[in-house]
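What follows is a set of notes on a single structure, which appears directly below.
Letters go in sequence order (proteins before strands), and every chain restarts at 1.
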Number of protein chains: 2
Amino acid sequence: MRLLLVEDDLPLLAQLSERLERQGYAVERADNGTEALYLGREFPLDLAIVDLGLPDLSGLEVIRRLRAEGKRFPILILTARGRWQEKVEGLEAGADDYLVKPFRFEELLARLNALARRSGGWASPRLDYGRMVLDTARQALEVDGRPVPLTAYEYRVLEYLMLHGGQVISKSDLTEHIYEQDYDRDSNVLEVLVSRLRRKIDPDGTIAPIETLRGRGYRFRLERRQ
Amino acid sequence: MRLLLVEDDLPLLAQLSERLERQGYAVERADNGTEALYLGREFPLDLAIVDLGLPDLSGLEVIRRLRAEGKRFPILILTARGRWQEKVEGLEAGADDYLVKPFRFEELLARLNALARRSGGWASPRLDYGRMVLDTARQALEVDGRPVPLTAYEYRVLEYLMLHGGQVISKSDLTEHIYEQDYDRDSNVLEVLVSRLRRKIDPDGTIAPIETLRGRGYRFRLERRQ
DNA sequence: TGGCACCCTTAACGGAGGCTGAACGGCTAC
DNA sequence: GTAGCCGTTCAGCCTCCGTTAAGGGTGCCA
């Protein structure tokens with residue numbers, strides 16, 4: 001999950017991004033509207049958190065422009081206590097949810113989960129695909145009812161594929177969503193991760209949930225095989 | 001258990017918080033409504049004790065606002081003798097229980113235990129996980145029927161993990177719930193505590209209830225191993 | 001059918017993260 | 001005052017896992 005965090009209070013920005021990263025998000029930071037706009041245009045984002053009280057371009061304007069340019073990722077806005085009226089303008093500008101500062105971090109996480117779920121079309125944090133069940137809250141995979149231990153990166157790859165089940169995910173999409181900004185282009189980390197995932201999920205290859213589409217990427221198979 | 005204590009009588013505030021801390025609660029103090037509201041919003045609380053007679057924002061208002069913002073932790077209100085009628089308003093505002101001042105400290109403890117039990121999803125103060133049973137009322141652990149003595153901090157760690165059994169608990173989550181506000185980030189106290197816990201619970205490693213998820217945190221194992 | 005990308009798999013490595021024994025020092029209880 | 005307990009720190013060791021690299025496989029095109 002690649003997330004854009006826009007917040008002009010630098011200590012808060014640092015603290016939040018650190019905790020979000022610990023939750024497995026790849027965080028892009030911005031402390032002003034111009035930078036936020038740039039990052040929002042340039043990066044393939046899954047989510048954005050935007051503080052409305054920014055020094056230069058207002059958060060509202062950032063949201064309006066991004067939406068005008070066709071960006072559809074969910075946006076959560078943060079408003080200061082006294083200015084909760086802004087939330088209405090924010091939602092009209094194209095935000096999806098709001099949170100009044102100060103807030104508990106857990107509350108933020110809950111909202112983010114809800115947004116990610118809503119956009120990805122998921123009804124619950126359990127991704128249930130018959131023999132495979134991914135519990136996003138517990139960060140745990142079960143295959144045929146048995147827990148399958150995954151490492152942090154294996155989990156991230158699988159979660160992203162399952163969240164976009166049925167869709168073709170290009171390798172660059174995957175790497176960009178899983179890693180921070182810069183990563184080595186000619187590396188085969190992803191292939192190694194996918195390989196390990198397939199082996200862990202079913203050594204016998206009876207499920208084969210991850211398809212390879214040559215030259216295009218990977219796809220998590222939604223429908224039952226016949 | 002992280003607890004918010006709101007009381008404008010400063011000597012009483014100090015005395016109560018000290019005794020509550022001795023009982024193993026991590027106590028956030030506030031002597032006015034504004035601060036109470038701030039703390040209630042900012043911290044991941046498990047319980048709150050609110051005196052209704054506050055100078056600025058009334059305790060009632062604090063409760064109403066917190067509830068309006070979706071906070072669901074149990075709230076116990078304190079009312080002065082002559083004003084016991086306030087208890088009705090308090091309960092209507094969203095409190096869960098009340099106590100009339102003056103009261104015996106043991107009475108307060110009993111109510112808190114009852115509240116903590118009622119919420120949090122545990123039906124009883126006994127967390128029974130087969131070979132391990134944690135008695136939250138007595139703050140005592142039994143393994144295979146034998147009592148296992150724990151120190152205060154060991155107990156807090158284990159209780160938090162067991163209360164969130166199955167979930168991945170990050171180290172920062174754990175420290176935040178166990179310690180007061182500021183703690184040293186690059187310390188390995190938690191690892192030491194977990195290490196001691198594991199050793200005390202089963203020196204032979206036949207239960208191994210606390211899993212380590214590298215880079216992500218710890219998880220108390222719910223399901224039986226096969 | 002050959003050749004060339006592209007992909008899979010395995011093995012190995014190195015560093016970060018986690019574990020633990022030992023020691024210290026402050027607090028408490030007696 | 002003093003002995004013991006306990007929370008914390010530190011250092012050294014170990015394990016794990018993310019990454020790289022290499023060799024073989026497979027599909028797609030001419």
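Candidate nucleotides C:dT20, D:dG18, C:dT10 were compared by shortest atom distance to the side chain of A:S195, and C:dT10 ranks first. Nearest nucleotide to the side chain of A:S187, out of D:dT20, D:dC17, D:dT19: D:dT20. For B:V189, whose side chain is taken as the heavy atoms from C-beta onward, the closest listed nucleotide among C:dT10, D:dG27, D:dT8 is D:dT8. Candidate nucleotides C:dG17, C:dA11, D:dA21 were compared by shortest atom distance to the side chain of A:N188, and D:dA21 ranks first. When the nucleotides D:dC16, D:dG7, D:dT19 are ranked by their closest atom to the side chain of B:T151, D:dG7 comes out on top.
At a threshold of 4.5 Å between non-hydrogen side-chain atoms, the residues A:L4 and A:I75 do not count as touching. Counting heavy atoms from C-beta outward, B:L37 and B:V62 have side chains that approach closer than 4.5 Å. Between B:L5 and B:L13, the closest side-chain pair of non-hydrogen atoms falls below 4.5 Å. With a 4.5 Å cut-off on side-chain heavy atoms, A:D135 and A:E142 do not count as touching. Using a 4.5 Å heavy-atom threshold, the side chains of B:M132 and B:I201 count as touching.
Nearest-nucleotide positions on DNA chain C for B:V194 and A:V194 put A:V194 closer to the 5' end. Nearest-nucleotide mapping onto DNA chain D: of B:L213 and B:L150, the residue sitting toward the 5' end is B:L150.
Protein atom CG of B:L190 is 13 Å distant from nucleotide atom C1' of C:dC19, rounded to whole Å. For the pair B:E211 CD and C:dG17 C1', the computed distance is 17 Å after rounding to whole Å. The nearest whole Å value for the distance from the CD1 atom in A:I201 to the P atom in C:dT9 is 12 Å. Atom CZ of A:R216 and atom C1' of C:dC7 are 15 Å apart (whole Å). Taking atom OH of residue A:Y153 and atom C1' of nucleotide D:dT19, one finds them 11 Å apart after rounding to whole Å. Atom pair B:L197:CG and D:dC6:P shows a separation of 13 Å (rounding to whole Å applied). Between the P atom of C:dG18 and the CD1 atom of B:I210 lies a distance of 14 Å, rounded to the nearest Å. In this structure, the OH atom of B:Y155 is 18 Å from the C1' atom of D:dC6, given to the nearest Å.
Note on A:V192: a base of the nucleic acid sits closer than 4.0 angstrom, heavy atoms only. Across all strands, A:R196 comes closer than 4.0 Å to base atoms (heavy-atom distances). Looking at heavy-atom distances under 4.0 Å, A:R198 makes contact with sugar-phosphate atoms alone, never a base.
Contact check on B:D144 versus B:R131 returns a salt bridge, with a Lys/Arg side-chain nitrogen under 4.0 Å from an Asp/Glu carboxylate oxygen.
Counting atom types as modelled, B:R199 pairs no side-chain N or O with a base atom of C:dT20 as donor and acceptor under 3.5 Å. Looking at A:R214, its side chain comes within 3.5 Å of the base of C:dC6 through a donor and an acceptor atom.
A close approach under 4.0 Å does not occur between any side-chain nitrogen or oxygen of A:T212 and OP1 or OP2 of C:dC6.
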